[in-house]
Amino acid sequence: MLRMSSLFLRTLRDDPADAEVASHKLLVRAGYVRRIAAGVYSWLPLGYIIYRNIERVVREEMDAAGFQEVHFPALLPKEPYERTNRWAEYGPDLFRLQDRKGGDYLLGPTHEEMFTLMVKGEYSSYKDLPLSIYQIQTKYRDEPRPRSGIIRGREFVMKDSYSFDVDDAGLEVSYEKHRQAYIKTFDRLGLKYNIVKAMSGAMGGSRSEEFLAPCPTGEDTYVLCEKCGYAANVEAMTTPDVKVEGATPPAIEVLDTPNTPTIDSLVDVMNAKFGPGHKASDTLKNILLIADGEAISVLVPGDREVDVKRVQANLAGVKELRLFEEEDFAKRKELVKGYVGPQDAKRFGLKLYADPRVAVGTHWITGANQLNKHARYVTHGRDFTVDGFIEAVEVRAGDACPQCQSPVIIDRAIEIGHIFQLGRKYAQALDLTVLDADGKSQVVTMGSYGIGVSRAVAAVAEQSHDELGLVWPLEIAPAKVHIVATGKDDLPFDTAEKLASSLEANGITVMLDDRREASPGVKFKDAELIGNPIIVIVGKALADGKVEVRIRKTGEKREIALSDALTEISSLVRSHKNSIA
RNA sequence: CGGGGCGUAGCGUAGUGGCUAGCGCGCUUGCUUUGGGAGCAAGAGAUCGAGAGUUCGAGUCUCUCCGCCCCGACCA
């Protein structure tokens with residue numbers, strides 16, 4: 001039983017000055033966490049209870065799925081990370097330190113190497129697989145900018161699992177098992193979330209999905225089709241095939257278009273020259289970029305912006321990508337800023353990529369590669385060809401869903417989980433092989449699956465709060481029932497005490513506000529701020545032999561006979577989970 | 001790393017180069033009060049982020065450093 005009279009807790013009346021998002025403000029105000037350094041937080045008793053409850057749910061679901069828990073150190077030697085080149089690749093995001101002998105160590109940002117080596121050390125036969133093991137561990141990443149309180153820290157707790165299989169079919173099964181376990185986990189945590197197609201990114205691998213908890217302050221942007229349920233991270237969003245119809249356009253015609261370095265000015269001139277009706281979407285933008293030092297051009301319709309992050313995500317292997325700057329134009333005189341067209345790309349030795357909207361057979365008004373000149377009827381397939389199609393435009397609300405063509409919506413969310421098929425990258429680098437049934441050596445294929453445990457505390461807080469304070473789901477709340485005793489006599493306090501004991505005896509956790517000196521107002525405010533799902537007030541109504549029961553989430557209140565309190569509250573907890581939390 | 005902002009008591013904040021750095025919350029003591037962050041009275045609590053400088057005099061002006069927040073870049 002948590003007694004407010006002795007609980008190590010001080011609630012704050014004002015929002016902390018350094019907090020911006022709701023979860024951060026409320027977790028600090030309600031006395032759950034305190035900041036220690038940028039992106040580094042301490043858990044106070046209430047916060048640690050929430051944290052442990054979430055960890056417990058995660059652990060139970062992992063165990064239920066048959067995965068086995070292990071535990072690695074957070075402090076790791078650099079050697080395994082050198083073998084996969086991540087000691088170098090991770091760069092400044094890695095917390096590095098040396099021991100007294102000058103040996104290099106790191107604080108683990110993620111543990112693929114350690115898991116791979118652990119399995120390599122024990123297993124060597126296909127008969128040992130499949131295997132899934134996990135840990136719940138503090139991770140360290142020296143983020144360039146920690147933000148949003150607990151949501152994005154430099155120290156955080158993650159549950160990471162890894163699956164090991166002999167072949168792709170096995171990996172698919174392991175992946176699916178994790179996916180199901182994640183669904184159960186997040187459902188129990190009371191989180192609203194979408195499972196979203198993601199890019200596997202720098203980690204390589206194929207299938208990849210993110211579990212995103214929608215909330216306005218989230219850092220991730222994703223698209224959702226409300227009609228068919230398609231959901232994807234903006235980087236992974238694909239464009240439906242473009243149908244090209246109509247006759248072959250006339251041959252290229254070069255036009256004098258003085259002072260038209262922008263799409264808008266070009267459209268105006270075209271309308272003046274050939275009559276109204278020309279749109280920005282009839283023109284073609286040639287966006288020049290530097291990809292790892294090499295100039296490339298990306299083609300998008302003129303009414304669209306290029307999303308550099310998306311381009312990079314879709315250009316395999318490119319580490320650094322940036323837009324052309326003045327000095328780049330200065331070096332490449334043949335590329336006339338504002339008048340670039342794809343028809344001379346081969347001659348310029350420029351790699352060309354097209355957004356799918358710039359399909360083969362489409363024709364465009366675009367630059368003529370001469371100052372103050374544009375060309376029309378420039379046709380993909382006839383007048384230029386590309387080195388590849390990549391998703392390049394900034395995704396907009398209303399874009400067509402790749403599955404059903406309906407307009408999609410765009411939303412923000414917190415990433416609470418990520419599952420993906422790693423493939424053989426780490427097994428290869430660290431030489432994790434097993435003998436198959438034919439006695440041949442096979443490189444193991446792996447999956448990697450993460451849940452942000454500490455982040456989930458903030459995600460729930462972010463999704464579940466109101467103007468009064470936090471609103472915890474039953475499963476993870478500090479206590480199921482928050483009993484407030486009011487009045488100056490002993491009776492309400494004694495009564496509350498007895499009710500609390502009998503609830504606890506029935507396995508229902510209780511927080512009891514047994515403070516004699518605090519005013520009722522303070523106790524009510526604290527109860528609402530702290531956010532336990534059921535609030536029971538033992539006070540005024542006691543004169544009629546009643547107590548008041550309030551549902552934190554809905555604000556619903558009613559008085560019930562004290563004699564029924566134990567059974568009524570028990571049944572609320574046991575059978576009304578969904579309506580109260 | 002670029003841009004912006006901020007560092008004054010546990011928290012939130014005021015402070016015009018000039019007397020003993022002020023207020024609210026919280027805390028302590030006493031009395032009163034007890035269904036919506038109570039009232040009265042008396043207290044404790046600050047090397048004003050650090051260092052250097054200008055000045056008769058610096059929380060206030062200058063410089064350097066440190067820390068923190070926001071936007072961007074970045075981010076299994």
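Convention: sequence-line order gives letters A, B, ...; per-chain numbering from 1.
- Here rG67(B) sits opposite rC6(B) as a Watson-Crick or G-U wobble pair (both hydrogen-bonding atom distances under 3.5 Å).
- Nearest to the side chain of Arg550(A), among rA38(B), rG12(B), rG35(B), sits rG35(B).
- Nucleotide rU28(B) has rA42(B) as its partner under the Watson-Crick or G-U criteria, with both atom distances under 3.5 Å.
- As the counterpart of rC48(B), no nucleotide is assigned, since no Watson-Crick or G-U wobble pattern has both distances under 3.5 Å.
- Considering only the side chain of Glu20(A), rC69(B) comes nearest among rG26(B), rG35(B), rC69(B).
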Go through the steps for Arg412(A) and Thr221(A) under the test side-chain hydrogen bond (donor to acceptor under 3.5 Å, both in side chains), then give the verdict.
CA-CA 5 Å; Arg412(A) 300 188 69 84; Thr221(A) 308; 3.3 Å; yes

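- Considering only side-chain atoms of Arg147(A), the nucleotide from rG26(B), rC70(B), rG36(B) that sits closest is rC70(B).
- Closest to the side chain of Arg29(A), out of rG35(B), rC68(B), rG37(B), is rG37(B).
- Shown here, rG72(B) forms a base pair with rC1(B); the pair counts as Watson-Crick or G-U wobble because both key distances fall under 3.5 Å.
- Closest to the side chain of Thr11(A), out of rG37(B), rU34(B), rC68(B), is rG37(B).
- Side-chain atoms of Asp15(A) stay outside donor-acceptor range of the base of rG12(B), with no qualifying N/O pair under 3.5 Å.
- Evaluation of atom-type donor-acceptor distances gives no pair under 3.5 Å for the side chain of Glu528(A) against the base of rG37(B).
- No side-chain N or O of Asp165(A) forms a donor-acceptor pair with one of Thr445(A) less than 3.5 Å apart.
- Nucleotides rG22(B) and rC65(B) have their P atoms positioned 34 Å apart, rounded to a whole Å.
- Ranking rC69(B), rC75(B), rG35(B) by closeness to the Lys309(A) side chain, first place goes to rC75(B).
- Using a 4.0 Å heavy-atom cutoff across all strands shown, Glu219(A) reaches no nucleic acid atom at all.
- Tyr162(A) has its ring centre no less than 6.0 Å from the ring centre of His111(A).
- The side chain of Arg145(A) lies closest to rA73(B) when the candidates are rA73(B), rG12(B), rG35(B).
- The side chain of Lys488(A) places an N or O atom within less than 4.0 Å of a non-bridging phosphate oxygen (OP1 or OP2) of rU34(B).
- Base pairing of rU33(B): no nucleotide in any strand meets the Watson-Crick or G-U wobble criterion (both distances under 3.5 Å).
- Of the nucleotides present, none pairs with rG17(B) by Watson-Crick or G-U wobble criteria with both distances under 3.5 Å.
- Residue whose closest nucleotide on RNA chain B sits further toward the 5' end, between Ile36(A) and Glu548(A): Glu548(A).
- Here rC23(B) sits opposite rG12(B) as a Watson-Crick or G-U wobble pair (both hydrogen-bonding atom distances under 3.5 Å).
- At a threshold of 4.0 angstrom between heavy atoms, the contacts of Ala19(A) with the nucleic acid are absent.
- Base engagement by Thr486(A) is indicated by at least one non-hydrogen atom pair under 4.0 Å involving a base atom.
- rC25(B) sits 10 Å from rA38(B) when the P atoms are compared, rounded to a whole Å.
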